[in-house]
K.L.:
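Pasting a structure below so you can have a look.
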Amino acid sequence: MKPAASLSRSSPRFLALARIVGEKQVHIDDEFYRDCHVDAIKISRTPLAAVEVTTAEQLPEIIRIARDERFPLIPRGAGTGLTGGAVAERDGVVVSLALLNRILELDTQSQLAIVEPGVITQEVADAAAQVGLFYPPDPASLKESTIGGNVAECAGGLQCKKYGVTRDYVLGMEGYTMDGELLRTGYFAPDAPLDLTSLVIGSEGTLCFITKIALQLITPPESRRSYLMTFARQEDAAAVVAASIGSGVVPAVLEFMDGDAVALALNYLGWVDMKRPEAVLLLELDGSVAEIERDHAILDPLIRQNNPLAFESTPDGARREHLWTLRRSISPAVAASAPIRLCEDVCVPPSQFPSLIKHVVKLGKAHDLRVLSFGHAGDGNLHVYLMADKDNEETHQRIDNASADLLSLAVELDGTISGEHGIGITKRKYLPLEISSTTMEVLRKVKGVFDPEELLNPDKIF
Ligand SMILES: Cc1cc2nc3c(=O)[nH]c(=O)nc-3n(C[C@H](O)[C@H](O)[C@H](O)COP(=O)(O)OP(=O)(O)OC[C@H]3O[C@@H](n4cnc5c(N)ncnc54)[C@H](O)[C@@H]3O)c2cc1C
């Protein structure tokens, strides 16, 4: 449901919000406000206003007004989410935490960082690297997404097969629930017997505003080696994935790209010399020099046995960056070529990955859509773009049908409807495919404890 309009400057709500954060930080008609109508999936919803907090302590007062006046609040980081989580599904005020962007502490001895939620993910990784440490979670959006958004979505990334996802690096947090009181978990409340940190990670801004995060850092690997392989048949790429997993080698990265994804990226990059293959794998080993040599000796013949059209491996930093350009260009290439698009992120056990890829090939024909897929093959996570040019009801229906088809298949293959992008608005109706009514009921009760009046990011997930 869309509101008729944003707040007016003379309305009591506008004035009350402006008193807390300052008039400049309450947006009702500018570019920032319009940006807050969408996240990266571009489903548009009109908020009453978008507010930028400059200190965490402004939140209890905003929460008090929202409760008194009964309007929802929607936490927002950088708006790179892919399931509509940061947009106002009901008349509500989007609250951006992006200006809370300080790295408060880097403790090299304990290998941890204390950060505010608006710090960009790449800045966390860079700050860790500067003191000789490593923050591994690396969503492909890491140059834009905030660490608060990563925690709220439990973001995965390219290195998650070996290093795990955001959840594995969050030691604790502070935040505000809708009672306006400060919640402390984990590192910030070491004696608390229940693991509230785990509950909040991946809750998509529906349980509390996250305002401070303690992150585990680790010792970085000594060196890296990247591999790029192209194939004339997807089956050969799938065979390399299965064989490398079966060999006991654990690559830091194992990314799959189908022929359509590669063709779009090649065109976008203007790399006319490289012929379109049917599949590409990008693999990265990391560890000590001796470990990499050992793993390379296992992988090299295994790749060659599976008919690569072209195969390159390199430890050279600049060349590795070049190979990575292809993978990094897929999302911008899609954005430039398909005005209407939905990105699904189904995930299946790695043994079912070949069946999933086979099905995706048929999906486009079955629903008359452009379809391409790529993703973190190492842990069975496949991103599928369903794309169209015409923005009309019939197109959206076809995308919806294709999406239902794909998500049902993922569950049939013992997988999940979302490997890492969350549920948000777009997958809400499909959650019962994999979650029983009993579990849903318990989840709703948990939500009720944090937000009894359903004013924090309502109509998402539950
Ligand atoms: C090109 C591209 C590549 C991507 N690659 C990946 C990938 O590899 N892996 C992956 O997991 N995701 C990926 N994503 C999705 C997205 O970047 C992640 O979900 C990211 O974690 C969102 O962060 P954000 O700061 O943009 O959050 P937003 O989009 O602003 O918000 C996302 C959700 O988090 C909530 N939220 C945000 N900040 C807070 C806070 N401080 N407190 C409470 N709730 C909050 C919001 O309410 C919303 O529900 C990609 C997106 C794009 C556009």
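Note that ligands are numbered from 1 as they come in the structure, with each ligand's atoms numbered from 1 the same way.
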K.L.:
Going by an N to O cut-off under 4.0 Å, is there a salt bridge joining R370 and D389?
P.N.:
yes

K.L.:
Do we see a donor-acceptor contact under 3.5 Å between the side chains of H376 and D379?
P.N.:
no

K.L.:
Can you tell me which residue and heavy atom of the protein come closest to atom 42 (N) of ligand 1, and the distance to 0.1 Å?
P.N.:
I210 N, 2.9 Å

K.L.:
Looking at E69 and R67, is any side-chain nitrogen of the basic one under 4.0 Å from a carboxylate oxygen of the acidic one?
P.N.:
no

K.L.:
Once you restrict to heavy atoms under 4.0 Å, what part of S331 touches ligand 1? Side chain, backbone, both or neither.
P.N.:
side chain

K.L.:
Between R90 and D459, does any NZ, NE, NH1 or NH2 come within less than 4.0 Å of an OD or OE carboxylate oxygen?
P.N.:
yes

K.L.:
Tell me the contacting part of N457 for ligand 1: side chain, backbone, both, or neither, using a 4.0 Å heavy-atom threshold, strictly below.
P.N.:
side chain

K.L.:
Got a sec: does the CZ of R102 have more than 12 other heavy atoms crowding it under 6.0 Å?
P.N.:
no

K.L.:
Please name all residues satisfying side-chain contact (heavy atoms from CB on, under 4.5 Å) with D405, sequence neighbours left out, ordered by chain then number.
P.N.:
H359, L363, H367

K.L.:
Is any N or O atom of A152, backbone or side chain, closer than 3.5 Å to an N or O atom of ligand 1?
P.N.:
no

K.L.:
If you count the atoms of ligand 1 from 1 in the order shown, which ones are under 4.0 Å from a heavy atom of A40?
P.N.:
53 (C)

K.L.:
Say whether H421 and E153, considering side chains only, have a donor N or O and an acceptor N or O under 3.5 Å apart.
P.N.:
no

K.L.:
Got a sec: does the CD of E454 have more than 12 other heavy atoms crowding it under 6.0 Å?
P.N.:
no

K.L.:
Under 4.0 Å between a Lys/Arg side-chain N and an Asp/Glu carboxylate O for D30 and R34?
P.N.:
no

K.L.:
Would you confirm whether S141, through its side chain, and T80, through its main-chain N or O, come within 3.5 Å as a donor-acceptor pair?
P.N.:
no

K.L.:
So is S141 polar-close to ligand 1, meaning N/O to N/O under 3.5 Å?
P.N.:
yes

K.L.:
Check each atom of ligand 1 against the heavy atoms of L82 and keep those under 4.0 Å away; list them by number with element.
P.N.:
14 (N), 15 (C), 50 (C), 51 (C)

K.L.:
May I ask you to identify, for C154, whether its side chain, its backbone, both or neither come under 4.0 Å of ligand 1 on a heavy-atom basis?
P.N.:
neither

K.L.:
Taking only heavy atoms of A155 into account, list the atoms of ligand 1 that are under 4.0 Å away from them.
P.N.:
11 (O), 21 (O)

K.L.:
Which residues satisfy the ring pair (Phe, Tyr, Trp, His ring centres under 6.0 Å) test with F14, sequence neighbours excluded?
P.N.:
none

K.L.:
Give the residue, atom name and distance (to 0.1 Å) of the protein heavy atom nearest atom 43 (C) of ligand 1.
P.N.:
C208 O, 3.3 Å

K.L.:
Please determine if K460 and E89 form a salt bridge, counting it only when a charged side-chain N lies under 4.0 Å from a carboxylate O.
P.N.:
no

K.L.:
Please list the nearest protein heavy atom to atom 19 (O) of ligand 1 with its residue and the distance rounded to 0.1 Å.
P.N.:
E153 CG, 3.4 Å

K.L.:
Check whether F134 forms a cation-pi arrangement with R224 (NZ or CZ under 6.0 Å from the six-membered ring centre, at most 45° off the ring normal).
P.N.:
yes

K.L.:
Which bit of K460 is near ligand 1, meaning a heavy atom under 4.0 Å away: side chain, backbone, both or neither?
P.N.:
neither

K.L.:
Nearest heavy atom to atom 46 (C) of ligand 1 wins, so pick from P75, G205, P332.
P.N.:
P75

K.L.:
Does T80 reach ligand 1 with a nitrogen or oxygen that is under 3.5 Å from one of the ligand's nitrogen or oxygen atoms?
P.N.:
yes

K.L.:
Using distance alone, decide if ligand 1 has a nitrogen or oxygen within less than 3.5 Å of any nitrogen or oxygen in A140.
P.N.:
yes

K.L.:
Examine the side chains of N150 and S145 and answer whether a donor and an acceptor come within less than 3.5 Å of each other.
P.N.:
yes

K.L.:
Looking only at distance, does G149 have an N or O less than 3.5 Å from an N or O of ligand 1?
P.N.:
yes

K.L.:
Verify side-chain contact (heavy atoms from CB on, under 4.5 Å) between L215 and V170, making sure each step is shown before the conclusion.
P.N.:
CA-CA 5 Å; L215 292 170; V170 180; 4.2 Å; yes

K.L.:
Can you tell me if I74 has a non-hydrogen atom under 4.0 Å from ligand 1?
P.N.:
no

K.L.:
Determine, using heavy atoms of N150 and all atoms of ligand 1, whether some pair is separated by less than 4.0 Å.
P.N.:
yes

K.L.:
If the cut-off is 4.0 Å to any non-hydrogen atom of T146, which atoms of ligand 1 fall inside it?
P.N.:
24 (P), 25 (O)

K.L.:
Note the single closest protein heavy atom to atom 28 (P) of ligand 1, along with its residue, its atom name and the distance in Å.
P.N.:
G79 N, 3.5 Å

K.L.:
So if I count the atoms of ligand 1 from 1 in the order they appear, which ones are less than 4.0 Å from some heavy atom of H421?
P.N.:
10 (C), 12 (N), 13 (C)

K.L.:
Which residue holds the protein heavy atom closest to atom 49 (O) of ligand 1, what is that atom called, and what is the gap in Å?
P.N.:
E204 O, 3.0 Å

K.L.:
Out of all atoms in ligand 1, which are within 4.0 Å of some heavy atom of H376? Include the element for each.
P.N.:
8 (O)

K.L.:
What residue and heavy atom of the protein are closest to atom 29 (O) of ligand 1, and at what distance?
P.N.:
G81 N, 2.8 Å

K.L.:
For E61, is there an ion pair with R19 - N to carboxylate O distance below 4.0 angstrom?
P.N.:
no

K.L.:
Does the residue E144 have a heavy-atom contact with ligand 1, meaning some pair of atoms that are separated by less than 4.0 Å?
P.N.:
no

K.L.:
Considering heavy atoms of the protein only, find what lies nearest to atom 31 (O) of ligand 1 and give residue, atom and distance to 0.1 Å.
P.N.:
A86 CB, 3.7 Å

K.L.:
Please determine whether a side-chain nitrogen of the Lys or Arg among E344 and K427 lies less than 4.0 Å from a carboxylate oxygen of the Asp or Glu.
P.N.:
yes

K.L.:
Which one holds for E420 and ligand 1: side chain close, backbone close, both close, or neither close, with close meaning a heavy atom under 4.0 Å?
P.N.:
both

K.L.:
Which of the atoms of ligand 1 are close to P117, meaning less than 4.0 Å from one of its heavy atoms?
P.N.:
41 (N)

K.L.:
Would you mind finding which of G156, G85, G148, C343 brings a heavy atom closest to atom 39 (C) of ligand 1?
P.N.:
G148

